[in-house]
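Structure record follows, encoded as structure tokens.
The chains referred to below are lettered A, B, ... by the order of the sequence lines, with proteins before strands, and numbering in each begins at 1.
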Amino acid sequence: MELKKAYEPNLTEDRIYKLWEKSGFFNPDKFKGKPFAIVMPPPNANDPLHIGHAVFVTLQDIMIRYHRMKGRKTLWIPGMDHAGFETQVVYEKKLEKQGRSRFEMTREQFYREVWDYTQKNRDVVRLQLKKLGASCDWSRETFTLDPAIIKTVYRTFKAMFDKRLIYRAERLVNYCTKHRTAFSELEIRHEERKDPLYYMKYGPITLATVRPETKFGDTAIAVHPKDARYRQYIGKELEVDALLGKRKIKIIADASVDPAFGTGAVKVTPAHDFNDFEIWMRHKNEIPGPLQVIGKDGKLTEKTGPYAGMKVLEARARVAEDMQAKGLIEKIDESYIHTVALCYKCGNVIEPMLLSQWFVRAEPLAKPAVSAVKSKQIRIIPSHQEKIFFHWMKNIRDWNISRQNWWGIAIPAWQCKQCSSWTVTEGKTPKSCAQCKNADLSRDPDVFDTWFSSGQWPFAILKFPNGKDFKTFYPTQVMETGYDILFFWVARMIMLGLFCTGKIPFETVYLHGLVRDKDRQKMSKSKGNVIDPLGVAETYGTDALRMALCVGNMPGQDIVISEDKIRGYRNFANKLWNVARFVLQNTQDLPKSSKPALGVKEKKMLKDFNAVAKKATALLDQFKFSHSAEILYHYLWHEFADKIIEESKPILQDRKKKSARQYALLLILQDSLRLLHPFMPFITEEIYQKLPLKSKKQTLMIEQWPA
RNA sequence: GGGCACUUGGCGCAGCGGUAGCGCGCUUCAUUCACAUUGAAGAGGUCACAGGUUCGAACCCUGUAGUGCCCACCA
């Protein structure tokens, strides 16, 4: 019964978490009730958790603990992500530091090393999630490379291939020459740049370009069909000085050309420009196809004579120089501003590359996803994010899911060496080509875009189609994640969930914001402004951290956090602790079984409390976690502690009145602990364990919600 | 170029039709009494700007400005 003067989280948190784990109540199996499930967004198994993870742990654990206390059969299912490309990049950086490179290793060796690395990180992340109080069911923890998950992904791939929702195509794709892989359009960043715009003479026609080095890949010159300046040339072939000697090039008319830009004439380089590729598609019969002059290494190919082997920028300067020397440059506009595409990871300029890849036909998947949200089957919080979702969905493009990486789920597709058609399986190596029965096949060396597999996560982790969990918990109730992955992940989960299971994957999407420091700066290691969640949890207690991440945290808006704020909630935890200390110390002589008649004042106190409990509950039901926490904070401190306890002091000295007051204080304390438990699980449990109650559950976690 | 938000006391945010609230900070006072990780009292806002709707607007509508974010194949 002896309570320390101040609450010391470090003396209680680990012990309390063990108590919960031992109780087995994280596992929903033995509970009845209506199911309530949240699939945890799996943290990457390549790095310790950062403060952003602490946000999702806090919000999801609040919902989970609340619904568990409400009597629902509650499942929070944890997992971890192999995080394909992300992890590969992290591991390659490690290799680099050791003076090694994956290109000196076999693919198998690399894979094995990354596997071990991620398994070690899983242990770290698991401990961190526990430290943050996550009440998830560890017996169901899943890794995104578990055989059952891969099997699901393969089954989906095959089903989509069979239904022609996945196709193989040679297309221009976004390619990073440093990472040597293609990306979807979501993985590229756009940046404004000022680059010289060269006006180059192609015979009688002058055209403007920022990329003279691609001129060797030109297959035509395009002008607007109605442009009087060039009408005489349309359909004709001109002989031009191509720097590598004379060369013939055809002039074509295409409406996409803007007569007002530059000279109104554009060189068509289908192998190295998205627009030009489209132009070629429209004029396939008139002009030659893509002519690749830049390789996957970002250097000019042997087709470029003296420029072969040069990197793009070097070649650009040299080509411009040489053309200028020949008098082929009319002028250079040095102040041209345009946007360039960059690799989101390394910032290198993305090189459009002609590659044969697997694509998901997006439109047929997007339609049902849009109607699911339109019809309110799925609700997105905050609701304005729905508009952003619709906007993206409306303009959705086919999705390149091939990645030229080593770390990831290998694509189960084999190409026939004879007829070059593709055979897709659910993972097994096929004996022969599905088309021509030839037995000589070679496997696609590529892996899936990680989002293709994580897009299937909710039903995969619940063991679709026949698993008990799938039948019990799917569709899940809430998907809580950051707004920054609305397209990457949430949209894909809705599309793939609907396609594979015919049902929505979740009923509500709650999107939280990015964590920023007190100067509104994004946290990053390079800025040195990161708050390590485990570090501050150690200093101020996990409960304080959770409150700091919850209060003032509005859906869809960035979260400003500072150590001052966390300290403030540490003070609150201490206040709660001392309230409990006061109540316990002053009610020791109240017999456990006594139920004294309450006076008018006590009745009023309880009535007020119940109103607060109701309000806090309603707010939780509306996903207003911040408000809910705030009114509880306010009640506990400024009503219960400042007013009720203060005015109770004299009454507790009064032999006649005291027992009714003692009883009321205990009741309010007890129920306050229940209300606060989802937000501050450790301290509330610690106090609960010390309450002198007649009937007590094994843990506060499964006590009944008081409103 | 298109879209989505935001603009309320020093800072961070609520409030979304009846003439402003919370937390932090600040000021003054108190202090061995559950808690100094404390208590009491207090200062501080023409709710970005301009119109409109309304008996009444921070809240609804229109426009303007600033800020932020997302999308986008302008050579």
Side-chain angles (χ1 to χ4, degrees), chain A residues 3-8 172 174 185-186 188 190 195 197-200 207-212 214 221-222 256-258 260-269 272-279 336-341 350 352 382-397 483-484 486-487 513-514 516-520 522 540-541 544 547-548 551-554 556-562 564-586 624 626-627 629-631 633-634 637-638 641-642 645-646 648-649 652 665:
Chain A
L3 266 76
K4 295 219 169 219
K5 214 169 169 188
Y7 172 59
E8 293 181 44
L172 223 44
N174 297 295
E185 74 276 4
L186 282 178
I188 60 170
H190 294 273
D195 282 312
L197 182 65
Y198 301 91
Y199 284 73
M200 310 196 305
L207 48 79
T209 180
V210 283
R211 301 202 62 181
T214 62
I221 292 172
S256 72
V257 180
D258 176 7
F261 186 90
T263 61
V266 57
K267 68 196 209 53
V268 180
T269 321
H272 299 288
D273 185 280
F274 289 100
N275 258 321
D276 296 1
F277 188 81
E278 297 290 318
I279 293 179
Y336 177 62
I337 293 169
H338 65 148
T339 45
V340 291
I350 288 288
S383 58
H384 75 81
Q385 292 279 347
E386 289 181 356
K387 293 184 202 165
I388 297 173
F389 173 82
F390 291 139
H391 185 254
W392 188 72
M393 284 301 219
K394 212 179 123 195
N395 301 302
I396 197 164
R397 289 192 274 159
Y483 67 74
D484 53 327
L486 176 62
F487 307 144
L514 268 44
R516 296 176 183 271
D517 73 6
K518 60 183 190 313
D519 303 317
R520 292 211 128 269
K522 225 168 161 173
Y540 301 107
M547 278 297 273
V551 177
N553 177 348
M554 292 293 135
Q557 286 186 25
D558 290 347
I559 304 148
V560 176
I561 186 99
S562 62
D564 274 347
K565 190 173 176 188
I566 302 167
R567 203 175 293 126
Y569 291 102
R570 188 270 318 261
N571 296 354
F572 175 64
N574 193 238
K575 177 57 80 173
L576 173 60
W577 182 257
N578 277 288
V579 163
R581 204 154 76 101
F582 178 87
V583 173
L584 290 176
Q585 279 169 355
N586 287 282
K624 295 183 176 174
S626 173
H627 290 74
E630 218 177 320
I631 66 162
Y633 171 99
H634 202 264
W637 197 323
H638 301 298
D642 290 348
I645 285 185
E646 285 311 316
S648 294
K649 283 176 182 171
L652 291 167
L665 290 178

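A:Tyr336 comes within contact range of the sugar-phosphate backbone alone, with a heavy-atom separation under 4.0 Å but no base atom that close. Counting any heavy atom pair closer than 4.0 Å across all strands shown, A:Ala580 reaches no nucleic acid atom. Residue A:Glu278 is classed as having no contact, given no heavy-atom separation below 4.0 Å to the nucleic acid. At the heavy-atom level, A:Val579 lies under 4.0 Å from base atoms of the strands shown. Here A:Val268 lies out of heavy-atom contact (under 4.0 Å) with every strand. Using a 4.0 Å heavy-atom cutoff across all strands shown, A:Asn586 reaches no nucleic acid atom at all.
In this structure a side-chain-to-backbone donor-acceptor pair under 3.5 Å is missing from A:Asp558 to A:Gly513. Judged by distance alone, with hydrogens and angles left aside, the side-chain atoms of A:Trp577 form a donor-acceptor pair with the main-chain N or O of A:Lys4 at under 3.5 Å.
Within the 4.0 Å cut-off from OP1 or OP2 of B:U37, not a single side-chain nitrogen or oxygen of A:Asn578 is found. The phosphate of B:A34 has OP1 or OP2 within less than 4.0 Å of a side-chain N or O from A:Lys649. Side-chain N/O atoms of A:Lys4 include none lying less than 4.0 angstrom from OP1 or OP2 on B:A34. OP1 or OP2 of B:C73 has at least one side-chain nitrogen or oxygen of A:Arg397 nearer than 4.0 Å.
A search for side chain to side chain donor-acceptor pair (under 3.5 Å) contacts involving A:Thr269 returns A:Asp218, A:Lys267, not counting sequence neighbours. In this view, A:Glu630 satisfies the salt bridge (charged side-chain N to carboxylate O under 4.0 Å, His left out) rule with no residue, not counting sequence neighbours. Looking at residues two or more places apart in sequence or on another chain, you find no ring-ring contact (aromatic ring centres under 6.0 Å, His included) involving A:Tyr199. Not a single ring-ring contact (aromatic ring centres under 6.0 Å, His included) links A:Tyr483 to another residue, sequence neighbours left out. Considering only residues two or more places apart in sequence or on other chains, A:Phe277 meets the ring-ring contact (aromatic ring centres under 6.0 Å, His included) condition with A:Trp280. Partners of A:Phe390 by side chain to side chain contact (heavy atoms under 4.5 Å, CB included), not counting sequence neighbours, listed by chain and number: A:Val370, A:Val373, A:Lys374, A:Glu386. Residues satisfying the salt bridge (charged side-chain N to carboxylate O under 4.0 Å, His left out) criterion with A:Glu646, sequence neighbours excluded, are A:Lys649. Taking A:Leu652 as the reference, A:Phe582, A:Asn586, A:Ser648, A:Arg661, A:Gln662, A:Leu665 meet the side chain to side chain contact (heavy atoms under 4.5 Å, CB included) condition, with sequence neighbours excluded.
The distance from atom CD1 of A:Ile645 to atom P of B:U38 is 15 Å, rounded to the nearest whole Å. Protein atom CZ of A:Phe572 is 13 Å distant from nucleotide atom C1' of B:U37, rounded to whole Å. Nucleotide B:C11 holds its P atom 16 Å from the CG atom of A:Asp517, rounded to whole Å. Rounded to a whole Å, the CG atom of A:Asp558 is 13 Å from the P atom of B:G68. Note: CD1 (A:Ile396) to C1' (B:C71) measures 13 Å, nearest angstrom. The CZ-C1' distance, from A:Arg581 to B:A34, rounds to 5 Å in whole Å. Remark: P of B:U37 and NZ of A:Lys575 are 12 Å apart, rounded to the nearest angstrom. The nearest whole Å value for the distance from the CG atom in A:Leu514 to the P atom in B:C69 is 10 Å.
A donor N or O paired with an acceptor N or O is found under 3.5 Å between the base of B:A34 and the side-chain atoms of A:Glu646. Interface remark: the A:Lys5 side chain does not form any donor-acceptor pair with the B:C35 base, using a distance-only criterion of under 3.5 Å.
Taking atom C1' on both nucleotides, B:G3 is separated from B:G9 by 33 Å, rounded to a whole Å. When the P atom is used for both B:A34 and B:G39, the distance is 13 Å, rounded to whole Å. A gap of 34 Å separates the C1' atoms of B:U64 and B:G23, to the nearest Å. Straight-line distance between the C1' atoms of B:C11 and B:C70: roughly 27 Å, to the nearest whole Å. Here the separation of B:A20 from B:A43, taken at their P atoms, is 15 Å to the nearest Å. The separation of B:A58 from B:U46, taken at their C1' atoms, amounts to 12 Å, rounded to a whole angstrom. Using atom P as the reference point in both B:G44 and B:G21, the two lie 14 Å apart (nearest Å). Taking atom P in both B:A5 and B:U62, the straight-line distance is 12 Å, to the nearest Å.
Here the NE2-CD1 distance, from A:His190 to A:Ile350, works out to 9.5 Å after rounding to the nearest 0.5 Å.
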- Contact pattern, 5' to 3', of nucleotides 1-8 of chain B - B, S or - by protein heavy atom under 4.0 Å: --SSS---
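Under the 30°/60° scheme for interplanar angles, the aromatic rings of A:Tyr633 and A:Phe572 are found to be tilted.
Comparing B:G15, B:C13, B:C73 by their nearest atom to the side chain of A:His627 picks out B:G15.
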- Message: Does A:His391 form a side-chain contact (heavy atoms from CB on, under 4.5 Å) with A:Ile388? I'd like the steps, not just the answer.
- Response: CA-CA 5 Å; A:His391 185 254; A:Ile388 297 173; 5.7 Å; no
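Counting only Watson-Crick and G-U wobble pairs whose two key distances fall under 3.5 Å, RNA chain B forms stems of three or more stacked pairs at B:1-7 with B:65-71, B:10-13 with B:21-24, B:26-30 with B:38-42, B:48-52 with B:60-64.
When each of A:Tyr483 and A:Glu185 is assigned the nucleotide of RNA chain B with its nearest heavy atom, A:Tyr483 is the one assigned upstream, toward the 5' end.
Evaluation of the salt bridge (charged side-chain N to carboxylate O under 4.0 Å, His left out) test over residues 564-575 of chain A, restricted to residues two or more places apart or in two chains, returns A:Asp564-A:Arg567.
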Find every protein N or O atom lying less than 3.5 Å from an N or O atom of nucleotides 21-29 of chain B, and list the pairs.
{"residue": "B:C22", "atom": "O2'", "partner": "A:Glu630", "partner atom": "OE2", "Å": "3.2"}

